[in-house]
Number of protein chains: 2
Amino acid sequence: MSSRTTARRHRRAPSAPKTLDVPRKLPRQERAQATVEAILRATAHILRTKGWDECNTNAVAKRAGVSIGSLYQYFPSKEALIAALAERHAQEGLKILVESVAAARAREVPLSFEATVFHYISAMVTLHSHDPELHRVLVEQVPRLPGGQEVIRRTSSHAASLVRAWLDTQREHLRIVDLDVATYMLVTAVEAIQHLQVVHRPEQLSREVLVTELTHLVLGYLGVTRAGR
Amino acid sequence: MSSRTTARRHRRAPSAPKTLDVPRKLPRQERAQATVEAILRATAHILRTKGWDECNTNAVAKRAGVSIGSLYQYFPSKEALIAALAERHAQEGLKILVESVAAARAREVPLSFEATVFHYISAMVTLHSHDPELHRVLVEQVPRLPGGQEVIRRTSSHAASLVRAWLDTQREHLRIVDLDVATYMLVTAVEAIQHLQVVHRPEQLSREVLVTELTHLVLGYLGVTRAGR
DNA sequence: GCGAGACCTGAGCCTTTGCTCACATTATTG
DNA sequence: CAATAATGTGAGCAAAGGCTCAGGTCTCGC
């Protein structure tokens, strides 16, 4: 059986509008919240260690120490389960970013332009060092989930708005004309390099070199002049 | 059933070393070559239009107009089938790159440094415009295939060697010290931006803008001074 | 303490699909 | 024109795993 498309297509209610509610039912008691939590943790663990294929709902329920029925009480399908995990992962990531921006803004002595870039890049690299295996699996599989593209779009666009806002305050230092395009390029480039780093994990670049080079890349693109390497 | 890991794990020959030969048997007659060709085309078509999940071996055989048995005569598993397609796709891509480099080298009046970068970037963008749907699916799924990482590694490293060789002839123009790191950054950044462009296809950037901005990115990183936008 | 509803259980139904095998057809060789 | 090898066929096996349902247990307000 195809792990994905098959799901939720059984005989019952053939005309019912495919309920893709996430979660199907909200946990109201503490007990239930613990169940949901255990399920999500188990999902993350299996995804991380065994990958998408071994991550079937029976295995998740087993590892979570709950019955398969409980799982389906809160998640209408395997897709919804993983989508929920992805959503959570994305929110955690955004939180780190937002905090990083806030930290930079809160400084009494503001950082220089270059130092700020360095600061943000470091935050991004740190972000991608958290649980890279899970990140890897999610990044690979979420796009194909129903609603997955939407999660990605929302998350990127939130991140982009942060960058865009900051660039806007720094116009004077930049050669850039179209800030939207510049934002897109920067967010994409930095995200994408991390992406490949995580997906193919070549162990090729140390964290320091990666941060330095990404900073060069960003500053170079923005047209900020600086001393040679 | 999980579409992937399950395969080729059936009762027969439990101790036999998992034959992952690709192809299992070489087509010697023209007829057989046509069969293999039809199978690969069908695979590409279904992957492109229906995605990984709908791309099961029965459907491929049906669309190819051959029996399922014939498919398994040449491809020992679904994974091997898609791996073969990926290999072919990668080779075609490399060919375009190599030709692009050859074309630049063969010019009587050599291009300027900037123009050369522009030329290569254009080639890369063109490359990713061919059959983006298929590219998208392959890029998403190949890493998880047995041997998929290897295909990716081989392909990238071939491409990287081309870039690295060219950079080496241009040392004088660059701020760069470590050419290996620079090569990695450039190949990764350009590839990755295209990657995201294809995967999320935001229709956000026109081809022209994309090429221009990528060129800026590369030149900026390399530390080549240029007139403002 | 009791009723209602929230929560949990897990055997097993049912579909999908990778893949085999016994046999048929077509090409090649001598 | 055999004989042999290469190629092609497709019904169907068997396993995997998503998901349901009929029934239990727990919690909480009154």
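Note on naming: letters A, B, ... go to the chains in the order of the sequence lines (proteins, then strands), and numbering restarts at 1 for each one. Computation of the quantities below employed the complete heavy-atom set of this structure, encompassing side-chain atoms and omitting hydrogens, waters and symmetry-equivalent molecules.
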Rounded distance (Å) that lies between atom [atom2] of [N] and atom [atom1] of [X]:
| X | N | atom1 | atom2 | answer |
| --- | --- | --- | --- | --- |
| D53(A) | dG18(C) | CG | C1' | 13 Å |
| E30(A) | dC28(D) | CD | C1' | 13 Å |
| L81(A) | dC19(D) | CG | P | 10 Å |
| K78(A) | dT16(C) | NZ | P | 17 Å |
| Q73(B) | dT20(C) | CD | C1' | 12 Å |
| I82(B) | dG18(C) | CD1 | C1' | 12 Å |
| Y74(B) | dA6(D) | OH | C1' | 7 Å |

Results of side-chain contact (heavy atoms from CB on, under 4.5 Å) for [X] - residues two or more places apart only:
| X | answer |
| --- | --- |
| Q29(B) | R31(B) |
| E150(B) | R153(B), R154(B) |
| V163(B) | L167(B), T183(B), V187(B) |
| L94(A) | Q91(A), T155(A), H158(A), A159(A) |

Inset, instruction - With sequence neighbours left out, write down each residue that passes ring pair (Phe, Tyr, Trp, His ring centres under 6.0 Å) with H89(A), or none if nothing qualifies. - result: H135(A)
Check: residues 37-47 of chain A side-chain donor-acceptor pairs under 3.5 Å, at least two apart:
{"unit_1": "E37(A)", "atom_1": "OE1", "unit_2": "R88(A)", "atom_2": "NH2", "d": "2.5"}
{"unit_1": "E37(A)", "atom_1": "OE2", "unit_2": "R41(A)", "atom_2": "NH1", "d": "3.1"}
{"unit_1": "T43(A)", "atom_1": "OG1", "unit_2": "I39(A)", "atom_2": "O", "d": "2.7"}
{"unit_1": "H45(A)", "atom_1": "ND1", "unit_2": "R63(A)", "atom_2": "NE", "d": "3.2"}

Inset, instruction - Name all residues meeting the side-chain hydrogen bond (donor to acceptor under 3.5 Å, both in side chains) criterion together with R48(A); count only those two or more places apart in sequence or in a different chain, and write none if there are none. - result: D131(A)
Heteroatom pairs (N/O) under 3.5 angstrom, protein to nucleotides 1-4 of chain C:
none

Legend entry - 4.5 Å side-chain heavy-atom contact, I82(A) and F75(A): no
Inset, instruction - Check whether any side-chain heavy atom of V181(B) sits under 4.5 Å from a side-chain heavy atom of V209(A), and report yes or no. - result: yes
Legend entry - Within residues 58-72 of chain A: residues closer than 4.0 Å to DNA chain C (heavy atoms): V66(A), S67(A), I68(A), G69(A), S70(A)
Inset, instruction - Give a yes or no answer on whether the side chain of H216(B) reaches the backbone of T212(B) with a donor-acceptor pair at less than 3.5 Å. - result: no
Inset, instruction - For R28(B), look at atom CZ and say whether over 12 heavy atoms of other residues, nucleotides or ligands are found less than 6.0 Å away. - result: no
Inset, instruction - Could you list all the salt bridge (charged side-chain N to carboxylate O under 4.0 Å, His left out) pairs where at least one residue sits in residues 181-200 of chain B, not counting sequence neighbours? - result: none
Inset, instruction - Take Q197(A) and Y184(B) through the side chain to side chain donor-acceptor pair (under 3.5 Å) test and state the conclusion after the steps. - result: CA-CA 11 Å; Q197(A) 185 82 3; Y184(B) 178 78; 2.9 Å; yes
Legend entry - Close residues, residues 31-40 of chain A, relative to DNA chain D [heavy-atom separation under 4.0 Å]: R31(A)
Protein N or O to nucleotides 28-30 of chain C N or O, pairs below 3.5 Å:
none

